[in-house]
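Right, one structure below, let's go through it.
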Protein chains: 2
Amino acid sequence: MPDNEHKITILDIAEKANVSPSTVSRVLRNSAGVAARKRAAVLHAVAELDYRPNIFAQSLASGQSMTIGVLTQNFGSPFYDGILHGILLGLEGSDYWPLFADGRWQPAVEMRALQLLLDRRVDGLIIIGGQISEETLQQVARKTPLIVAARKTPTLPENCLYVKNYEGGYNATRYLIEMGHRDIAHITASYVNPVAVDDVSQRRKGYEQAILDAGWQPDPRLIVEGNLQQQSGVLAIEMLLARGRSFSAIFAANDQMAFGARLALYRRGIRVPEDVSLIGFDDETFAPYMVPPLTTMRQPDVEIGQAAVAAILDMLQGKKPDLPVFETELVVRESVARR
Amino acid sequence: MPDNEHKITILDIAEKANVSPSTVSRVLRNSAGVAARKRAAVLHAVAELDYRPNIFAQSLASGQSMTIGVLTQNFGSPFYDGILHGILLGLEGSDYWPLFADGRWQPAVEMRALQLLLDRRVDGLIIIGGQISEETLQQVARKTPLIVAARKTPTLPENCLYVKNYEGGYNATRYLIEMGHRDIAHITASYVNPVAVDDVSQRRKGYEQAILDAGWQPDPRLIVEGNLQQQSGVLAIEMLLARGRSFSAIFAANDQMAFGARLALYRRGIRVPEDVSLIGFDDETFAPYMVPPLTTMRQPDVEIGQAAVAAILDMLQGKKPDLPVFETELVVRESVARR
DNA sequence: TTTTATACTGAAAACGTTTTCGTGTAAAGG
DNA sequence: CCTTTACACGAAAACGTTTTCAGTATAAAA
């Protein structure tokens, strides 16, 4: 690099402002009273020299990294992406900076990512989904402010952000029933390579309870399993059709599988919603642009991200965080018809 | 763990292994020869005490942060997300760690994010899209290895990753022509709040040239502008239809607008591809699940991300990076019919 | 006027590494 | 044998802050 300019440090500021380095530091962090005259001189020198503190020295000396670790499973997934967006929003103007890591739904990768985040001495940690053992999580929580979202963690009620998936599944099904449907298929997922997905099984329980409450018996022939990806929605429909059990509506445990299902129905010449109604879960960005626009249960992803950050920030200040419970919301579009 | 509070440092290792701290450091970074016996002792002590180096001290002493800054404009966008994924992939196993920042397509936010990344002393920087002035970019490039992707930067040919958008637009249009279409509409975008989108205007030039090469004149009534979002695709179709100029095919400058267009056509009862053919650009994850599956031009997003990382890593080793030029690829699905 | 708090402030000690400098020792060369 | 040369490796000096400690004024209290 041709540019061998001397990096300006706090010492340069001190010299230029005719004070000691300690005083410069005090001014910069507002950690103690400093005479107005000197404060001005310091500020002036800082501006003049365009001083940029060395973040490593700061962190080393103060023991704080001013970063929040965010461990997610899949940058690409729309739901996770919404949470990330919320985190970004929540962090805005807070002096903290997010450090993202992606576990890619692989236990080994995830553990490594967690370790790396810890090694980078994050001041707080937000974990979205994943499959790290509760024991490990407890251990982490003991040393670092921790929030776990989009995942069930019975042993850490104080650190968990929770969405009412059971109610969501119930309400989605209930809506179909109210629209006159009786034979309602459900596309669920119990293991995704190969981690149990509690959220989704909660939705299934809600589905089954809604059927029971209507006075009917859930029919196992109407339940198929996918893996949350679009393609598995296609397969689910094939399987369902092969079983020969008729149905007039489908509740997919997430939008992505609903999209796949919709495509499979199109290929079979089955119209939506004239022949079969379809409801999803998540309200992904694409849902309003499905043909026809997808009726679905919205999860407040951005809000969850914001709440996670708010909670971490509270914890960092020693306050008890408040952990709202999130409701899902029915978004009526055009993929469900009255029967 | 029975955490006796005492953080173990390199000194503890040194003591336990009966060597000096310097030697421990040498073993850990492999920076100089160490007697096999001592090396083993150090490694043993490290394992025994579960030593974790303090990354701030390392960075402070070595002057390297072992991080790569990534400045993106929009975590949510599928194309950007693909690039991010590629970056993650490329970084795997490289000792470097990505630091993400989101410019949100807002110049002020973007500049602030850049500044923060620089303050964190990233060893390299990848900028995806955005509107930071070329002058600023040059300044940055002088001090830090820099790669700019998905954006035109005439003054920085050595730092730029480039996709053949012109050819992509040309080929998409050419394909429609070959399929027997003559009246081909184009949904483009010239400014997106309010940054000029060079990629998209290249595609438009390709479109116009293909028409010219077929011996016809581009008709301005067949060109509408959106803002790259789905919703603008809907509006574009409304506008197009209102103009009364007939057309049998549409080339949308990105998939998102194609999705919106498809919805608008559905609402008007215009069938795809029987009445109107539709081709997009990007090959987003959702494209194969549109109804009907969308024919589109694929951009190698993941590969771009990987190439960006590879280039940065090269630069960090003082090597001249090789900067491949990326081709787009026609992905034929079912949204274009022969006329 | 003397005492006693009450600001300020600078010197110096962390913080936990990496890296430079020398020194002692063993191998190689004459 | 005596010099070089090469190698290991410990001591100590960075790296750039924050924070503690110990003053010194200065103002308030007595």
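Keep in mind that the numbers below use all heavy atoms, side chains included, and drop hydrogens, waters and symmetry copies.
- Enclosure of atom CD in Q138(B) by more than 12 non-hydrogen atoms of other residues, nucleotides or ligands within 6.0 angstrom is indicated.
- Side-chain N or O atoms of E110(A) include one that pairs as donor or acceptor with a backbone N or O of Q131(A) at under 3.5 Å.
- Judged purely by atom type and a 3.5 angstrom limit, R151(B) uses its side chain to pair as donor or acceptor with the backbone of G130(B).
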Output a table of nitrogen or oxygen pairs between the protein and nucleotides 14-20 of chain C separated by less than 3.5 Å.
| from | atom 1 | to | atom 2 | distance (Å) |
| --- | --- | --- | --- | --- |
| dT17(C) | OP1 | Y51(B) | OH | 2.9 |
| dT17(C) | OP1 | N54(B) | N | 3.2 |
| dT17(C) | OP2 | I10(B) | N | 2.7 |
| dT17(C) | O5' | Y51(B) | OH | 2.8 |
| dT18(C) | OP1 | R29(B) | NE | 3.0 |
| dT18(C) | OP1 | Q58(B) | NE2 | 3.3 |
| dT18(C) | OP2 | S25(B) | OG | 2.5 |
| dT19(C) | OP2 | R29(B) | NH1 | 3.3 |

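- Between E134(B) and T153(B), the side chains place no donor N or O within less than 3.5 Å of an acceptor N or O (distance only, hydrogens not considered).
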For nucleotides 4-7 of chain C, list the nitrogen or oxygen atoms of the protein found under 3.5 Å from its nitrogen or oxygen atoms, one pair per line.
none

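- Looking at T67(B), its side chain never comes within 3.5 Å of a backbone N or O of P98(B) through a donor-acceptor pair.
- T72(B) places no side-chain N or O within 3.5 Å of a backbone atom of I128(B) that could act as its donor or acceptor partner.
- At distances below 3.5 Å, not a single donor-acceptor pair connects side-chain atoms of T144(B) with backbone N or O atoms of L146(B).
- The side chain of K38(A) contributes an N or O atom lying less than 4.0 Å from OP1 or OP2 of dT9(C).
- One side chain, S20(A) or T23(A), offers a donor N or O that lies under 3.5 Å from an acceptor on the other.
- Annotation: the terminal axes of the helix from dT1(C)-dA30(D) to dG30(C)-dC1(D) meet at 40°, where each axis is the rotation carrying the C1' atoms of four end pairs onto the next four (5 pairs per end, rounded to 10°).
- No donor-acceptor pair under 3.5 Å is formed between the side chain of N159(B) and the backbone N or O of V148(B).
- In this structure, the CG atom of N18(A) is 12 Å from the P atom of dT9(C), given to the nearest Å.
- S59(A) contributes a side-chain N or O that, together with a main-chain N or O of Q64(A), makes up a donor-acceptor pair within less than 3.5 Å.
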